[in-house]
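In what follows, every chain begins at residue 1, and chains take the letters A, B, ... in the order their sequences are listed.
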Protein chains: 2
Amino acid sequence: MASDIIRSGIGRRTGIALWRQIADAIRAGITSGLGDKHGKLPPEMELAELFGVNRHTVRSAISALVSEGILRAEQGRGTFIIQPDRLTYPISKRTRFSASLAEQGQRGESRMMSHDVMPAPEEVAQALQLDVGAPVLQVRSVGVGDDTPVSRATAWFEHARFPDMADNLLRFNSVTRAFAACGLDDYVRISTRIEAYHATLDDVEILRLSPGSIVLVTFAINADLEGRPVQYSKTRFAADRVSLQVEHAPLS
Amino acid sequence: MASDIIRSGIGRRTGIALWRQIADAIRAGITSGLGDKHGKLPPEMELAELFGVNRHTVRSAISALVSEGILRAEQGRGTFIIQPDRLTYPISKRTRFSASLAEQGQRGESRMMSHDVMPAPEEVAQALQLDVGAPVLQVRSVGVGDDTPVSRATAWFEHARFPDMADNLLRFNSVTRAFAACGLDDYVRISTRIEAYHATLDDVEILRLSPGSIVLVTFAINADLEGRPVQYSKTRFAADRVSLQVEHAPLS
DNA sequence: AGGCATTTGTCCGTATGTATG
DNA sequence: CCATACATACGGACAAATGCC
C-alpha cells in the first residue's frame, strides 16, 4: 500500500529528528506522486496518519520546507509544492559540460573558483599517463543551475602540453573553447567512473546541502583523438538535484 | 585553524543529532585522509576537540559506525577503519550483468527471487515502447558477490514477444542465454540513467545495509539490433560496495 | 615482574530538545 | 498554551585493556 511505502524509512532514535525525516520524505516524495496534479499536499492530519506521527510533528516538517522555499502554505486552502525538476546530465563519448545545462533551457554556468599549477599526485598522474610529480594545472569550479549550486569539480590538465589553459579557461569559460585555443580541436570522453558518498562538510557548505545528504561523484577522463588523455576531472553532484544519463554510442 | 575547518557544518537544533552529523563527517572523512596509514582514527578526546563536542557525543557517533561495520573499536588500542574493496560494474553498450562479477574473479551470481506477468505500468510501457497495460513479465532478482548482497533488480520484458522468458531465465540463470533461447541472439544497452538515494527499509533488509546508507539506482534499457527495446530494468546497488564504470565506445 | 601513560568502556547526574496528547 | 515522556548532549569519575619503559 502507498502509505507503507511512504512510511518506510521513518524511525525513531536514528539521530535524525522525526520532523526532519518527514521533511526529507516529503521533499523526496515530491518527485514520486505525493501531492495531486495541482501540487497540493494532503491535509496535515492525513499526513500525520500517513507517517504515523502527531500533527505537530508534521507541522514542524512543513514549516522547515516552507522556509527552504520548497513548499508554500496558504491559510484555509492547503499546502502546495513548488517543484524544481532534476537536472539531467548526459554522459557520453561527447560529453560537453558547459553545453549540458544550456540544452535544457536552464540558465547554467560553471564558475571557476581557483587554479594552480602543482606536481601531479599519483591518482592524477595515472589518469593522465604522466610521471608522478609532473606539473599539472588544477582547476576548481562550481556548477550553478537556476541560482542553485549543483556540482563542484576539480579538473587537471597536463601543464607542459597546455601551458595557456588557465588563461583560456578564464577567457572563454568553456573547456571546449579553451582546448581549441590551445590547439586541440576535438576530444572525447574515454572513461567515467561513478560512485556515491555521504556529503562531506565541504559539500554541505559549497553545494548548500543538509548534513547526511548524498553526492554523486564522477571520475572522468577526456582524451584527444589519438587516445592520449588530456583532462582528468572529479565532479561531485548534489544527488537530489541531478540525474546522470549515460548515452551509449548509436548502433553501428 | 584546522579544527575550525572540520567543525564548520556541524550545527545544533538542525533536526539532525550532533552524534549523527559527526558520524556522517567521519564516514565521509575516511576517504579523504582521516585516520593514519594503519587506518587508526585519532583518540576520542581529540576528535571531540576537533568537532567541538563532548567525548560522549563522539562515542555515540563511533558506536553507530561500529554497528554499521565501518569502524572497529579496541579497548586500550584505538578505533580503526575497516576498508572493504568496491566491486566494479562496467556499464557499456555490451553490459552483461552476469558476466561482470565473474570477470573480477569474484564468485558472484544473480538469484531470481520472483517473477510475474502483469499489465505494464506507465514507466515500463514508455521504456519498452508498449501501450500502457500490455502484458509484461516482471522479474525480481538479487545480485550476490562474495556472500554479500550487492544489488537488487527489477526487470521487465514484453510478454507477447518473449513468452518463455521466465522459464528460460530460471533454466539458464542468465539474461543473455535466456534471450538466445527465445530466439534473440544479440542485444545492446541503449540507455542508462543513474541516480542516488537514501536506502529504503526494503534496501536495508535485502541488501543488509544500515539505515541512512546510500543506494545507487540505475534505470537501463536494452534493445535488439534494430533498436527495439527488449528489456527495461531498475537496479539498486549498495553504494559503499560498488563502483559503476562507464565504458565509452572505442574511437572509430 | 611493576609502574605508568594512553585509550576505550561504563556509570552517575543534570540540562535541553523533541514528540505526544 | 500546558504537562509528560523520551532522546540527546554535557560534565565528571572510574574501570578495563593495551603497550611501553
Starting at atom [atom1] of [X], determine the distance to atom [atom2] of [N], rounded to an integer number of angstrom.
{"X": "Ile22(A)", "N": "dT18(C)", "atom1": "CD1", "atom2": "C1'", "result": "12 Å"}
{"X": "Leu47(A)", "N": "dA19(C)", "atom1": "CG", "atom2": "P", "result": "16 Å"}
{"X": "Arg20(B)", "N": "dG17(C)", "atom1": "CZ", "atom2": "C1'", "result": "18 Å"}

From the 5' end of DNA chain D to its 3' end, which nucleotides mark the outer limits of contact with chain A, defined by a 4.0 Å heavy-atom distance cut-off (strictly under)?
->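 Here the contact window of chain A covers dA7(D) to dT8(D).
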
Do you know the tightest heavy-atom contact between [X] and [Y]?
{"X": "Ile22(B)", "Y": "Ala61(B)", "answer": "CG2-CB, 3.7 Å"}
{"X": "Val150(A)", "Y": "Leu207(A)", "answer": "C-CD2, 3.9 Å"}
{"X": "Pro135(A)", "Y": "Val117(A)", "answer": "CB-CG1, 4.2 Å"}

For Arg72(B), does the CZ atom have more than 12 heavy-atom neighbours from other residues, nucleotides or ligands under 6.0 Å away?
->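 Counting neighbours around CZ of Arg72(B), more than 12 heavy atoms of other residues, nucleotides or ligands fall under 6.0 Å, so yes.
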
Is the number of heavy atoms from other residues, nucleotides or ligands within 6.0 Å of CE (Met118(B)) greater than 12?
->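 For Met118(B), atom CE is crowded (more than 12 foreign heavy atoms under 6.0 Å).
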
So what stems show up for DNA chain C if we need 3 or more Watson-Crick or G-U pairs in a row, all under 3.5 Å?
->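 Stem list for DNA chain C: C:2-21 with D:2-21.
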
Does a donor on one side chain sit under 3.5 Å from an acceptor on the other, for Thr88(A) and Gln245(A)?
->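 No donor-acceptor contact under 3.5 Å links the two side chains.
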
Test Thr79(B) against Glu74(B) for side-chain hydrogen bond (donor to acceptor under 3.5 Å, both in side chains), laying out the working first.
-> CA-CA 6 Å; Thr79(B) 307; Glu74(B) 292 179 29; over 6 Å; no

Result of checking Gln231(A), Glu123(A), Gln138(A) against Trp156(A) for side chain to side chain donor-acceptor pair (under 3.5 Å) |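 Considering Gln231(A), Glu123(A), Gln138(A), a side chain to side chain donor-acceptor pair (under 3.5 Å) with Trp156(A) is found only for Gln138(A).
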
Between Arg140(B) and Asp116(B), is there a salt bridge with N-O shorter than 4.0 Å?
->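 The answer is no: the pair does not qualify as a salt bridge.
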
Can Asp203(B) and Arg152(B) be said to form a salt bridge (charged side-chain N to carboxylate O under 4.0 Å, His left out), step by step?
-> CA-CA 8 Å; Asp203(B) 293 327; Arg152(B) 60 195 198 98; 2.8 Å; yes

The contact string for nucleotides 1-9 of chain C, one letter per nucleotide 5' to 3', using protein heavy atoms under 4.0 Å with B, S and - for base, sugar-phosphate only and none, comes out as ------BBB

